[in-house]
Amino acid sequence: MGGYGDVKLLNDDGTRLDGRKVDEMRSVEIKAGILPNADGSAWVKHGLNVAICAVYGPVEAHPRKIQRQDRAVIDVRYNMAPFSTSDRIRPGYNRRSREISKVTAEALESVVLVERFPRSKISVEIEILAAEAGTRCAGITAASVALADAGIPMRDLIVGVASGKIEDTVVLDLDKAEDNYGQADLPVGILPTTGDLAFLQMDGDLSPDEFNLCMEYNQKAAKEIHEVMIKALKEKYEEGA
Amino acid sequence: MGGYGDVKLLNDDGTRLDGRKVDEMRSVEIKAGILPNADGSAWVKHGLNVAICAVYGPVEAHPRKIQRQDRAVIDVRYNMAPFSTSDRIRPGYNRRSREISKVTAEALESVVLVERFPRSKISVEIEILAAEAGTRCAGITAASVALADAGIPMRDLIVGVASGKIEDTVVLDLDKAEDNYGQADLPVGILPTTGDLAFLQMDGDLSPDEFNLCMEYNQKAAKEIHEVMIKALKEKYEEGA
Amino acid sequence: MGGYGDVKLLNDDGTRLDGRKVDEMRSVEIKAGILPNADGSAWVKHGLNVAICAVYGPVEAHPRKIQRQDRAVIDVRYNMAPFSTSDRIRPGYNRRSREISKVTAEALESVVLVERFPRSKISVEIEILAAEAGTRCAGITAASVALADAGIPMRDLIVGVASGKIEDTVVLDLDKAEDNYGQADLPVGILPTTGDLAFLQMDGDLSPDEFNLCMEYNQKAAKEIHEVMIKALKEKYEEGA
Amino acid sequence: MVELVPQLLRQELADLAAMGKRRDGRSQWESRHIELEVDCLYNADGSAKVTWGDTIVYAGVKFEIRQPWPDRPSEGSLMCGAELRPIAGKKYEPGPPSPESIELGRVVDRGIRESGCIDLGSLCVIPGESVYGVMVDIHVVSDSGNIFDASALAAIAALRTTIVPASKFDTGEDHPLKITKTPIMCSFTRVGGRFVMDANADEELGGDERIHITLGDDGHLHSLQKGLKGVFSPAEFAEILEVSQNQCDVLRKMVESAGGN
Amino acid sequence: MVELVPQLLRQELADLAAMGKRRDGRSQWESRHIELEVDCLYNADGSAKVTWGDTIVYAGVKFEIRQPWPDRPSEGSLMCGAELRPIAGKKYEPGPPSPESIELGRVVDRGIRESGCIDLGSLCVIPGESVYGVMVDIHVVSDSGNIFDASALAAIAALRTTIVPASKFDTGEDHPLKITKTPIMCSFTRVGGRFVMDANADEELGGDERIHITLGDDGHLHSLQKGLKGVFSPAEFAEILEVSQNQCDVLRKMVESAGGN
Amino acid sequence: MVELVPQLLRQELADLAAMGKRRDGRSQWESRHIELEVDCLYNADGSAKVTWGDTIVYAGVKFEIRQPWPDRPSEGSLMCGAELRPIAGKKYEPGPPSPESIELGRVVDRGIRESGCIDLGSLCVIPGESVYGVMVDIHVVSDSGNIFDASALAAIAALRTTIVPASKFDTGEDHPLKITKTPIMCSFTRVGGRFVMDANADEELGGDERIHITLGDDGHLHSLQKGLKGVFSPAEFAEILEVSQNQCDVLRKMVESAGGN
């Protein structure tokens, strides 16, 4: 977190610079099945973030040394397109994208019924086309929808969502300015059916009470986004039928 | 192409700075069988360019995933030595050398009877020791002679040759200055027996008519270079006998 | 060698800046068996240098193409920690560490009874935690002790030790200043039982006579260090008993 | 690797070719349906999405400030690159740039660069000190054949809608990038023995060599490239060069009507 | 790869958990024995060695002089990185940084950075011209479980004993690095179905997800990370957050009594 | 990998050694035929080609202008590197620099550097601002044994014919690079139990350790390196050091008569 307190992020009426209330999230649009080649795919627009995701598999994992006898491995690549950020980023992975790929894969492994596909691999390709704070959450949401679109059995979907703190106030779903100049960010991956978490990161400064309020906001938003996810999948299947 | 029209490249009598006529190529010298370790090899001096090429194989291709059941794979590495250019270039491949390696391999696959050697690999190592415009053509010529020297059956040889445009005039076989300050370059790989093309690149600006004249020059030069190639191979075999 | 003669390295009484005599080595401390996970390990403090070494194996070598039918391969990695030097060095190998790893592996292969372990691999991980001239020698000494600690049969231990030349005077065991401003350095790996050499490098300027004196000093020092090595191994085994 | 499918496919494509047909019903010189959307990516200074049959390609333009090359003190630079990441299809693997992606980027780059559509002198900020570098990144997200033409179209369409973000660099006010020409690429693949325009995925799988032609507004050639195994005759080339003139005109109109600078 | 051992181990760990036991006799919220040694590496500007059960981690601090970032002209920088080299255990292979080592470095980095323990403004030498870069390198030489907590402890302990080598850079006299806070990481692993503190190697091999919590002096959260396969409930998290408060206080006292700036 | 051939070869070489013979009829301290050609590469500022039996090596020298190291403001730099690319023989594979190529480059580099044959002070252009960097690139195009001696010979011969391309950098007129000494490398390989000079490919395949000795004009040692598996006694070293003195004199005369600065 930047934590630069001298940038004003809240209006006098308590609303945020873009007019949202503290517990209001940015608009979310989702489409399933947007990539002809993939076994499953999704497009997520969360605020100004755009993430697309393709799922390929399950196929036999190779080389053989990556195979697991009792389950599928999930291979996630989270990648930011060079033109997705304010300053162009060089193509290829960096330390940040490798870390996000790792923890995203581990989150998805927690809900996919990987034991149904021994010795196989499921590839999840997340591409960020536009970034405006919150891309890892948009990527998790997109990956869940794409896996469902691919017909891969899951215990539950995972909804990616974040809350944080700006000007000592807990707010839901930080945008770019709030992320740059705010005090904390808590992105999570929530299983909407149970409220359990499969993904958790946080940086900044939060008291235990502030943390609890963040989580409350996140749980509420997860339900809203979950509805949009379900709607996208339904539209796809009705179209296909 | 540099395309910097303010550098004079033609003399008043219509000849070029080095005295050549517009349809005259630089001198070409070729030797076959110059590398003791290789299964076939060649040395080509084209103008001031020097290319050497070693061919190893066919041998069983490994790792097995690069094998093709019905044919040999041709693995070409085109590489410029660090001291081959005006400014030293760092050892190792760059984007340019990778592209040239790819299209050169594809050209050679078009004439080598690859179907005679299923599951095998033929390695073609092209090293540019001195560069003065036209190295990819010198490399193709060298590779053809080295393959023949290795006794690998081919439909035809490939002759590497280029024409281009300087001061709005089509000329054969651009040298360094003409390449730097000229308007177009059209390097091709010609099968001398049929006149067919196995290699084609071009950049710059050519009208369709200018293109046709370039090709005419190229076809003519290909025949001349072909004779030098045949002579080099004959000399090698007479020596060996 | 820096070879900058204008830095004074000898006192008027013929002693060196740190008070040592020309044929006096720095203090050496050794401990065996310091790493719980390794099959064998050692810690060597030679002057201010600190090297630790872990040995893993012998285990089946893989991938299979690195296997040798008639012997074990010894895989050495000599690595300097980023904080081990005056200026931080970037993590990862450089040309210097790759060369030292290679010749160290070859020295160890000369004494380990590799023919007893066909198709297997012995990994020797040398980590330099603090560097003050002489790390490759400290690494060889540590590796020998760690191999012995792992119970791997050896013809003999190897003792790493160096002599060199400063102010036209041959001296034993150069420290950092002497290495930076001296005239020659001759690091060797000596088999204490026979006096044979398994490791040899040298750079700088030495007449044949100076070379002979360096070797005399090295042989003498090797005996001293050997005693410390034996003591460390005994202590470990008595502890273990 | 056993390649049974391509062998059967090659036979089928040859049989169709003998009857003058293609697998998806198109004629020899007929392209698939093409959709072009511009200015579609937040954060990109210029952008385009091309949907070409089932092939989908994005292009995004970004600027940087850099020092000029010593021998070109008053010129900025243009660089096109392409990524073929695993999202684009089953055959793509992660790893360093493949020869295929390098070739794609370089062929698109040459076509745009050699057309002279961008005056590099107009990218100078302070001669000898600072110039703009223009980076066009091509991102193929679905490869169902003919990614070269789709990429070249996306690149020039993105450039034509690019706003130079001068205010971000304190080098003036934002303004449209000046693009004076519209180079267009048209590619042909040998399928069943003869060349066809705009091969789809099946035709590429069961086909042979490709020829990529980039033409300028005046019908001049700016870039040529032959890829993959195969040879062709001068007469064959003459025919496809002729055909490409028409197709490039059609696509150029599509780009120009998509709006832009 | 057949993973028979982990399956048998998982069963054993589950049986033990059902009885409220752990394999090495510890209770659920009990850590192994920890030893902390500081200022132990010649050439490092600050250093620490942590022996945590059979896990051994070194951390070393080095400085460099560099130009400040354009948008932060008066601030130096802090960077933590971790290496997991083959010396640390049989499972580690040589090669480029693994996702595991990147995650370790970044999670430790965030905890220290976000705690605000270092005033980056104090690392400025000449505003807009030169600042100090502080590099904390973590070197795991023996991994027997819970390298995250050991690494974070070594890193903050090394920083607290760091001397800024100003004389080496001609930027003043050597002086202690000012560290105003002591962030501490406490990690939990699901073993046999429930979370335990400070999992050892066996518990990690036969366990599930991990949660890493970094707390500041005032008990505020500065960094969280969940790794590996598994889900957890908000109630489970509330419990371990509570537990971590006590453990962090214990470790903070250990760091503070080890001496330092 | 089954290594039957080396085992049979080792036996044959041992049998020959017992009779004081070598496979190609040479005596123990006899080198193969050597040809040296200088100034043979267009674009290189200095160049040499060494044909040493069936081993062929090129060396090329290039200059660059760079900033001096802060602690050596008035000195240029010298760097030798070697490439062992697949053209050199069946056993060489493409990829990043191998340990073998790194060792080759560094051993040649040390011999030349430590001989003091180049006065690095003479490579200063403007003290503290710009100096010449001299890069010697060694390119082994055929390895039939003893590439170390061939590479060292090519490197010093190339340097001795080098013209400093000052006009290209606007730093003066082109002039010969001043080389005051002629360091020569002589290598020995244990074959059939005893050392021989100038091992060929078979002798390397069926032999053991190598020792590389670089001597200066005055017979002083400038660089030593022992490579590969094997040990040797001080007495053995004394003998080959003696032998190398003669051989280095012979090669030094060859270099000096090839012409140069």
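Reminder, nothing fancy here: chain letters follow the sequence lines and each chain counts from 1.
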If only side-chain N and O atoms count, and only distance matters, is there a donor-acceptor pair under 3.5 Å linking [Y] with [X]?
{"X": "F:Q7", "Y": "F:E12", "value": "no"}
{"X": "F:T171", "Y": "F:Y132", "value": "yes"}
{"X": "F:T182", "Y": "F:R160", "value": "yes"}
{"X": "B:D173", "Y": "B:H46", "value": "yes"}
{"X": "F:R110", "Y": "F:Q225", "value": "yes"}

Selection from [options] maximising heavy-atom pairs under 4.5 Å formed with chain B:
{"options": "F:E83, F:K168, F:R85, F:K90", "answer": "F:R85"}
{"options": "F:I87, F:V141, F:D45, F:V61", "answer": "F:I87"}
{"options": "F:A59, F:P94, F:S144, F:A44", "answer": "F:P94"}
{"options": "F:T55, F:V136, F:D143", "answer": "F:D143"}
{"options": "F:P97, F:G89, F:P86", "answer": "F:P86"}

Checking [X] against chain F: side chain, backbone, both or neither under 4.5 Å from a heavy atom?
{"X": "B:R77", "result": "side chain"}
{"X": "B:I34", "result": "backbone"}
{"X": "B:S86", "result": "both"}

Top contributor to chain F interface from B:S41, B:G57, B:A131 [non-hydrogen pairs under 4.5 Å]: B:A131
I'd like to verify something: which residue of B:N79, B:D87, B:I126, B:V55 has the highest number of heavy-atom pairs under 4.5 Å with chain F?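 Answer, by heavy-atom pair count under 4.5 Å with chain F: B:N79.
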So that I know where these two stand, are F:Y58 and F:H139 an aromatic pair - ring centroids less than 6.0 Å apart? no
Given a strict heavy-atom distance threshold of 4.5 Å, which part of F:E64 is in contact with chain B: side chain, backbone, both, or neither? neither
Where on F:I56 is there a heavy atom nearer than 4.5 Å to chain B: the side chain, the backbone, both, or neither?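 Just its side chain gets close to chain B.
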For the NZ atom on B:K102, are there more than 12 heavy atoms of other groups (residues, nucleotides or ligands in this structure) within a distance under 6.0 Å?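 It does: B:K102 NZ has more than 12 such atoms within range.
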Heavy-atom count check: over 12 atoms from other residues, nucleotides or ligands less than 6.0 Å from B:E224 CD? yes
